[in-house]
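For clarity, every value in this text was computed on a predicted model and none was experimentally measured. The chain is numbered in sequence order, starting from 1. Every number for a ligand or one of its atoms is a count from 1 in the order of the listing.
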Amino acid sequence: MNSPYGGTLIDLVVDTARAAEMKAAAGDCASITLDERGVCDLELLAVGGFSPLKGFLGKADYDRVVREQRLADGTLWPLPVTLPVTPSEGVAEGKTLALRDVYGNLLAFLHVEEIYQADKDAEAQCVYDTLDAKPPADADLGRCPGHYAAGRLEVVRTPPHYDFVDLRRTPAELREHFQSLGWSRIVAFPTRDPIHRAQEETARRAAEEIGGGLLIQPIVGATRPGDVDHYTRVRCYRALLEDDDRSGALVVTLLPLAERMTRPREALLHAIIARNYGCTHLLVRRDQADRPFDDPHAALEALSKYMDEIGVEMVVSTPMVYLPDMGRYEAVDAVPDGVRTARISDAQVRDDYLAGGVLLPEWFTRPAVAAILNEANPPRQRQGLTIWFTGLSGSGKSTVAQALVERLAEYGRNCSLLDGDEIRTHLSKGLSFSKEDRDVNIRRVGYVAGLVAQHGGTTLCSVISPYKAVRDEARRQSKGNFVEVYCSTPVDVCESRDVKGHYAKARAAVAAGRGMGFTGVDDPYEAPDDAEVTLDTSRLGVAECVDAIVAKLLALGYIPPRGRAG
Ligand SMILES: Nc1ncnc2c1ncn2[C@@H]1O[C@H](COP(=O)(O)OS(=O)(=O)O)[C@@H](OP(=O)(O)O)[C@H]1O
Ligand SMILES: Nc1ncnc2c1ncn2[C@@H]1O[C@H](COP(=O)(O)OP(=O)(O)O)[C@@H](O)[C@H]1O
């Protein structure tokens with residue numbers, strides 16, 4: 001097994017007596033709440049995943065890491081591990097700072113020795129290589145309020161985790177595990193993608209090549225937007241473990257690393273972490289790029305240059321392809337002439353299989369993994385949905401929405417209805433019709449509908465919602481699963497209907513010079529210009545309105561063609 005980088009596995013977690021003493025003193029010092037990346041970095045610092053670092057980088061280390069990827073003492077270190085702070089009376093040199101997670105859990109104390117200015121330009125240019133392109137990790141650069149703090153770090157507890165606890169091991173625990181397995185040569189495979197058979201085969205071959213074991217390290221810290229969420233990925237890796245007849249040669253351990261998305265430096269960090277976890281080898285893709293303008297070979301070049309110094313050997317992965325006539329995988333460059341090959345691209349996985357609710361074939365993915373991916377990526381007809389009715393009072397929103405509830409049940413989509421009038425008797429009780437209160441009202445409705453949509457439910461919202469900006473906020477809350485129905489019925493028709501007598505009151509109020517702030521009479525209504533469906537209920541009957549919405553939902557895939565309920 002490999003020794004830790006720098007010779008010693010760092011352990012910053014204090015013993016229980018010291019932890020108790022420190023907790024008792026916590027009230028006397030300022031607290032800061034770590035963001036997602038901060039929590040991940042703290043965990044890896046605490047357990048030695050970032051050995052030889054003993055804390056967040058001080059200025060001398062930071063400056064040299066940014067420009068030369070080396071610590072001040074010359075040790076190769078590719079990426080800044082920093083703690084952003086806003087200096088204040090309690091956050092100052094010589095003070096002690098309590099570090100907490102968003103739930104308020106006390107994680108560590110930093111005895112602040114220095115607070116220094118971040119060099120955002122140098123970070124952007126040297127670390128993220130973004131002289132003329134938008135940084136992939138702009139959120140990371142933007143997250144920094146301008147200063148970093150450093151000093152002696154004492155960790156009271158590592159960030160608590162309640163998911164996949166059986167697959168979480170510190171470097172020390174993993175080393176012990178390797179020892180119990182009798183492994184001395186181990187290839188690490190850090191990944192944030194689901195593993196299909198081709199990748200599995202690639203990783204297996206790497207282990208065979210070195211005559212050792214395989215460590216899959218699912219990266220579960222903050223990853224890139226659009227990545228498959230870590231719960232789904234880890235369920236897939238676990239299925240692999242449970243399903244695999246060769247599972248004796250495979251270990252899965254989660255890696256709580258917040259990725260910086262900046263090759264090639266990130267690849268070097270993976271190598272250092274692999275070594276700290278006891279691995280002797282790192283599986284490396286031939287081409288890897290986080291951004292379209294990245295040089296795909298840069299990571300491999302950097303690794304070749306520094307692997308000796310890091311003390312980890314590189315195994316360059318062999319991409320695999322399926323040979324349907326032979327029922328096996330083969331290295332792409334070893335396929336015999338004239339033999340048929342089969343593959344499914346990432347885009348096909350997404351668009352042709354997952355989006356359509358079609359299971360990936362067994363030759364491509366283990367059935368247990370395919371089932372998890374399908375369950376986690378339901379086709380649109382099984383995804384949540386918000387149908388948002390907007391329009392003047394009396395324009396037909398509630399009438400059409402109620403009819404739609406019945407009609408959608410026919411397609412297996414059961415809906416809840418949030419009707420403006422009713423909402424204002426509880427969720428929004430006491431709110432007026434001022435612009436501010438209307439916005440609050442709509443935000444509440446949008447928030448509730450968004451939560452329901454994200455968990456697979458369907459909500460029909462029937463609210464005037466006169467302002468475009470807040471309607472758009474509601475759309476975002478539902479993460480795009482949002483269909484806007486604009487009841488464009490002319491105001492004179494709404495007024496002639498005057499279902500509740502409000503228009504008459506509003507006109508009377510205006511005539512008396514008081515005004516009532518009634519939408520369409522003496523209050524504004526901003527009509528949508530991008531609604532999915534527009535209905536003038538003075539021209540269409542209720543059933544025709546429902547037909548138009550159903551046709552749109554069919555076209556968008558939110559309901560199945562009749563008789564094929566999903
Ligand atoms: N000043 C004023 N302006 C508009 N509407 C008024 C007003 N005062 C009372 N009402 C009644 O309240 C219902 C609209 O509530 P909403 O929650 O949908 O309005 S908003 O979206 O917050 O603007 C609306 O009911 P519907 O007719 O069902 O739309 C009105 O009857
Ligand atoms: N095609 C139609 N669609 C919806 N409502 C209609 C239609 N034709 C007539 N109406 C009548 O118009 C009124 C609309 O009121 P309502 O649905 O409460 O509107 P809103 O919810 O927009 O305030 C109801 O009395 C309804 O019967």
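- With respect to Asp472 and Arg476, no salt bridge is recorded, no charged nitrogen being found less than 4.0 Å from a carboxylate O.
- Among protein residues, Ser393, Gly394, Lys397, Gly420, Asp421, Arg424, Phe433, Arg438, Asn441, Ile442, Val463, Ile464, Ser465, Pro466, Lys500, His502, Met516, Gly517, Phe518, Thr519 come within 4.0 Å of ligand 1, judged on heavy atoms.
- With a 6.0 Å radius and a threshold of 12 heavy atoms from other residues, nucleotides or ligands, Lys435 has its NZ atom above the threshold.
- No donor-acceptor pair closer than 3.5 Å links the side chain of Thr489 to the backbone N or O of Asp536.
- Residue Asp163 is tested with Arg233, Arg238, Arg235, Arg168 for a salt bridge (Lys or Arg N to Asp or Glu O under 4.0 Å); the sole match is Arg168.
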List the steps and the verdict of salt bridge (Lys or Arg N to Asp or Glu O under 4.0 Å) for Asp41 and Arg260.
CA-CA 11 Å; Asp41 285 357; Arg260 271 56 169 186; 2.8 Å; yes
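- Relative ring orientation between Tyr116 and Tyr148 is described as perpendicular, the plane-to-plane angle rising above 60° on a 0-90° scale split at 30° and 60°.
- For ligand 2, the protein residues placed under 4.0 Å by at least one non-hydrogen atom are Leu392, Ser393, Gly394, Ser395, Gly396, Lys397, Ser398, Thr399, Val400, Arg497, Val499, Thr537, Leu540, Gly541, Val542.
- For Asp530, the side chain to side chain contact (heavy atoms under 4.5 Å, CB included) criterion is met by Lys468, Glu484, Pro528, not counting sequence neighbours.
- Taking 4.5 Å as the limit, some side-chain heavy atom of Ile32 sits within range of a side-chain heavy atom of Leu83.
- Residue pairs satisfying the ring-ring contact (aromatic ring centres under 6.0 Å, His included) criterion with at least one member in residues 369-403, sequence neighbours excluded, are listed as follows: Trp388-Phe482.
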